[in-house]
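Note on naming: letters A, B, ... go to the chains in the order of the sequence lines (proteins, then strands), and numbering restarts at 1 for each one. These numbers come from the heavy atoms of this one structure, side chains and all, not from hydrogens, waters or symmetry mates.
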Number of protein chains: 4
Amino acid sequence: MPEPKAPDASRRSERSRRAIFDAALALVSETGYAKTTVEGIAARAGVGKQTIYRWWPSKAAVLLDAFLDLAARAAEEAGATGGRTELPDTGDLAADLRLVLRATVDELNNPLYDAPTRALAAEGSTDPELGARFTTALLEPQLQVFGRRIEAAQAAGQADPAVDPRLATELLVGPLHHRWLHRTGPLDHAYADALVEHALRGLTPRP
Amino acid sequence: MPEPKAPDASRRSERSRRAIFDAALALVSETGYAKTTVEGIAARAGVGKQTIYRWWPSKAAVLLDAFLDLAARAAEEAGATGGRTELPDTGDLAADLRLVLRATVDELNNPLYDAPTRALAAEGSTDPELGARFTTALLEPQLQVFGRRIEAAQAAGQADPAVDPRLATELLVGPLHHRWLHRTGPLDHAYADALVEHALRGLTPRP
Amino acid sequence: MPEPKAPDASRRSERSRRAIFDAALALVSETGYAKTTVEGIAARAGVGKQTIYRWWPSKAAVLLDAFLDLAARAAEEAGATGGRTELPDTGDLAADLRLVLRATVDELNNPLYDAPTRALAAEGSTDPELGARFTTALLEPQLQVFGRRIEAAQAAGQADPAVDPRLATELLVGPLHHRWLHRTGPLDHAYADALVEHALRGLTPRP
Amino acid sequence: MPEPKAPDASRRSERSRRAIFDAALALVSETGYAKTTVEGIAARAGVGKQTIYRWWPSKAAVLLDAFLDLAARAAEEAGATGGRTELPDTGDLAADLRLVLRATVDELNNPLYDAPTRALAAEGSTDPELGARFTTALLEPQLQVFGRRIEAAQAAGQADPAVDPRLATELLVGPLHHRWLHRTGPLDHAYADALVEHALRGLTPRP
DNA sequence: AAGTAACCGAGACGGTACGTCTCGTCTTCTA
DNA sequence: TAGAAGACGAGACGTACCGTCTCGGTTACTT
């Protein structure tokens, strides 16, 4: 297979990479994903179009990397050292989950994150390649934070050990994302709290 | 305001409408939503482009109507007369939910439905106008089937009356859609069953 | 052979055709042929690029048609009715040829004609397809004016009947074009006169 | 004036120069001038692009030098020592001219020479700078061969001393080039012979 | 039956963006 | 320190569609 000849990454211009990320995020925030064009990103970044096409296959891929970079920088800023963000473990599972789910709600309501995330989720749901990258790089880490906390809870006897931690995670995150994506109702802290409560207690009436 | 002049719906060609729906669904199935163009639909349907633009504002809108039409025809075929599809009430809430959730899984796994649904969900998450139509016309009816069954369960003492039926619905449907949309795991009957079980019983360990 | 589908010439926009011609000639005059781009012509003409590519295969083809149109209009203006331009026949062959050759010199020295003609001759010498069109449509008619006058001269006993009229024509026009194309010397009326004289009398010394 | 910094010619790599010439001529022969690119020449020659741009201003300039080099080598091979090629002087002007004009015809018909010459003539007719170099270095020496022979003929009384030798030269070469460039008729020995005859005798009928 | 509206298939139009190609410059690494 | 390698900013290429705008040619309602 005569692979179309890969460019030499070691000679890549960091300056251009940064400029492209900044331009991409700015344009998506300002004019929306659909109206953002590769041509526009290149122009705004002061970069040739080919410099974008050399390193990314599509504008969605550019935006995904730009967003990952943004998230990484934000995380680094928050977590001082580049360590992994972790869900707190105060011993009170419900309280801990509420805290993080509320934070997730806030993030999804932040227009700065909302627009690119929507666009990426949308594009990813159609383009499997991108969807995989989106899931692995952006979504999965978030989910596994929940997963680990729930495993800890199971070990501590705070959660039913028979439940698949992954399913438990989805029981919390799934409804949240559903409401966010389809705008089927208010997305606020109250909703996050209620979600935690009923995911833990179930729908069956207690005696 | 000189409203851009509405066409006379009574003189509309049913023949063309059908041909457009068929062409749209076929093209999306065959080549994917992104590669489907209004021009292509018109050509395949043997129709002028203007005939599409006269009645729909975008290809997404065409596809949504085409899909609604498809669903309506499928429902009519299944439900004999055009009555409203309803979730069965055998008295066993868990069994009833399992049944429908399994059916939903089958539907989402059916490539004939998968492609258009993904495309519409994607487009709708970006375009609020379309998203609203998508939600109201396609999603909401499905959700309310669950809602009504849960309300009945609450009335019969099979479900905690303190839970918002809408939240309960999302607790079941949200994780399912999440896994489907992001392809984060296998989407099968076992998953549907586990979902029902844990949504009902909760994550908290039982004594 | 799946001919790429010809556009319907009867629906062609005369307005656009004219605008394209004007823009093409203006740009070539102002900035030169090499710096003239299809994109630039389209922009200047207020026309979509596709409208150019729909009707012409290359910018050279556009310019050729534009130039032919210009020549046709100039001829019509000069010759009152659209009759064919003809070399005068005063009975004095040398005088008649001088007249026309001087006119040719003036034309080649006119920067308005010079730039496009050079460009077309250049492009045509490389692209055989275009070269053929250039020759047939632009060059040949000019040459045949000479050809006919020489035939008349032969009939009237003013010219050697043994000479191929085509060769005779080239004996007059060839040197002129050569000097023009390669700028190997001054191109003026004196040169035209000398050319006529020696083409008629030959290089051999007269007794 | 800060002359853009001239490279040190003494350190120039002869190896690269040769490789560039070979690559340029090969590519023009194989794929045509238009499809030949500086990038392609550099790649084929195993040379950096900058090495070309350091020494030549354009691909036409490269090709011109490559062609001059080719011609020089061919001449050296033919003329044993590097002496100047000269038109023979057998005393019979017509015969001598026929001989050289026939040779010119053969050269113009040789596809190895035809393609680059056409390209250079074309480019030169548009780009005055290059045109001047083309004329001086390639065309002029050829023309002056004729010029000198004609002067000799005049001195020997074989040619009208009143005729400008330059014009006489053009009377022979101009028609030939014209027919070659515009492909307006067959270019063969018969044409060369006829050209010589009528250039010498003129078009006027002899008593 | 003639007249008249408007929908229809068709497709040319002015545009925008695409993804590719080549230009001529600039930078980095190697011999 | 010249040269190979090739990334870069720039921008034209030719293509694909967009959404609008005429064009006749059918219908289907007036008069």
Side-chain angles (χ1 to χ4, degrees), chain A residues 4-5 7-13 15-16 19 35-43 45-55 57-59, chain B residues 4-13 15-16 19 35-43 45-59, chain C residues 4-5 7-13 15-16 19 35-43 45-55 57-59, chain D residues 4 7-8 10-13 15-16 19 35-40 42-43 45-59:
Chain A
K5 193 163 52 183
D8 180 349
S10 72
R11 303 190 45 185
R12 184 166 182 181
S13 160
R15 202 178 180 294
S16 298
K35 289 196 169 178
T36 298
T37 65
V38 173
E39 220 145 40
I41 296 172
V47 139
K49 276 202 288 179
Q50 196 56 45
T51 300
I52 293 184
Y53 284 112
R54 184 152 34 228
W55 303 108
S58 66
K59 82 169 163 174
Chain B
K5 189 165 52 183
D8 179 349
S10 73
R11 304 193 46 182
R12 183 168 183 181
S13 159
R15 203 178 179 294
S16 298
K35 289 195 170 180
T36 299
T37 66
V38 173
E39 220 144 40
I41 296 172
V47 139
K49 276 202 288 180
Q50 197 57 45
T51 301
I52 293 184
Y53 283 112
R54 185 151 33 227
W55 303 108
W56 293 277
S58 67
K59 81 168 164 174
Chain C
K5 194 164 50 182
D8 180 348
S10 73
R11 303 189 46 186
R12 185 166 182 181
S13 160
R15 204 179 177 292
S16 298
K35 289 194 170 181
T36 298
T37 65
V38 174
E39 219 144 42
I41 297 172
V47 139
K49 270 203 291 181
Q50 197 56 47
T51 300
I52 295 185
Y53 283 112
R54 182 150 37 228
W55 303 109
S58 66
K59 81 169 164 174
Chain D
D8 180 350
S10 71
R11 305 197 45 181
R12 183 166 185 184
S13 159
R15 202 178 178 293
S16 297
K35 289 195 170 179
T36 299
T37 66
V38 174
E39 219 141 40
V47 139
K49 275 201 290 180
Q50 197 55 45
T51 303
I52 294 184
Y53 282 114
R54 187 151 31 227
W55 303 109
W56 292 277
S58 66
K59 81 169 163 174

Identify all pairs in which a protein N or O lies below 3.5 Å from an N or O of nucleotides 5-8 of chain E, and state each distance.
from	atom 1	to	atom 2	distance (Å)
E:dA6	O4'	B:R11	NH1	3.0
E:dC7	OP1	B:D8	N	2.7
E:dC8	OP1	B:S13	N	2.8
E:dC8	OP2	B:R54	NE	3.1
E:dC8	OP2	B:R54	NH2	3.4
E:dC8	OP2	B:W55	NE1	3.1

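The side chain of A:K49 sits closest to E:dT20 out of F:dG14, F:dA16, E:dT20.
For B:W55, the side-chain hydrogen bond (donor to acceptor under 3.5 Å, both in side chains) criterion is met by no residue, not counting sequence neighbours.
Following rounding to the nearest Å, B:K35 (NZ) and E:dG19 (P) show an atom-to-atom distance of 11 Å. In this structure, B:Q50 places its CD atom 15 Å from P of E:dA12, rounding to the nearest Å. We find that CD1 of A:I41 is positioned 12 Å from C1' of E:dA17, with the value rounded to whole Å. For the pair D:I52 CD1 and E:dT25 P, the interatomic distance rounds to 13 Å; values are reported in whole Å.
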- [ ] Just do the side-chain contact (heavy atoms from CB on, under 4.5 Å) check on B:V38 and B:Y53 with the steps written out, would you?
- [x] CA-CA 9 Å; B:V38 173; B:Y53 283 112; 3.7 Å; yes
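B:T51 and B:S16 make their closest contact through CG2-CB, 4.3 Å (heavy atoms, listed as atom of the first residue, atom of the second, distance). Between B:A19 and B:A45 the shortest heavy-atom distance is O-CB, 3.6 Å.
Where B:A45 and A:K59 meet DNA chain E, the nucleotide closest to each residue was compared, and B:A45 sits on the side nearer the 5' end. Along DNA chain F, the nucleotide nearest to B:Y53 and the one nearest to A:R15 differ in position, and the one closer to the 5' end is contacted by A:R15. Between C:T36 and D:E39, the one whose closest nucleotide on DNA chain F sits nearer the 5' end is D:E39.
Counting non-hydrogen atoms of other residues, nucleotides and ligands closer than 6.0 Å to CZ of A:R12 gives a total above 12.
For the pair C:K59 (side chain) and C:T36 (backbone), a donor-acceptor distance under 3.5 Å is present.
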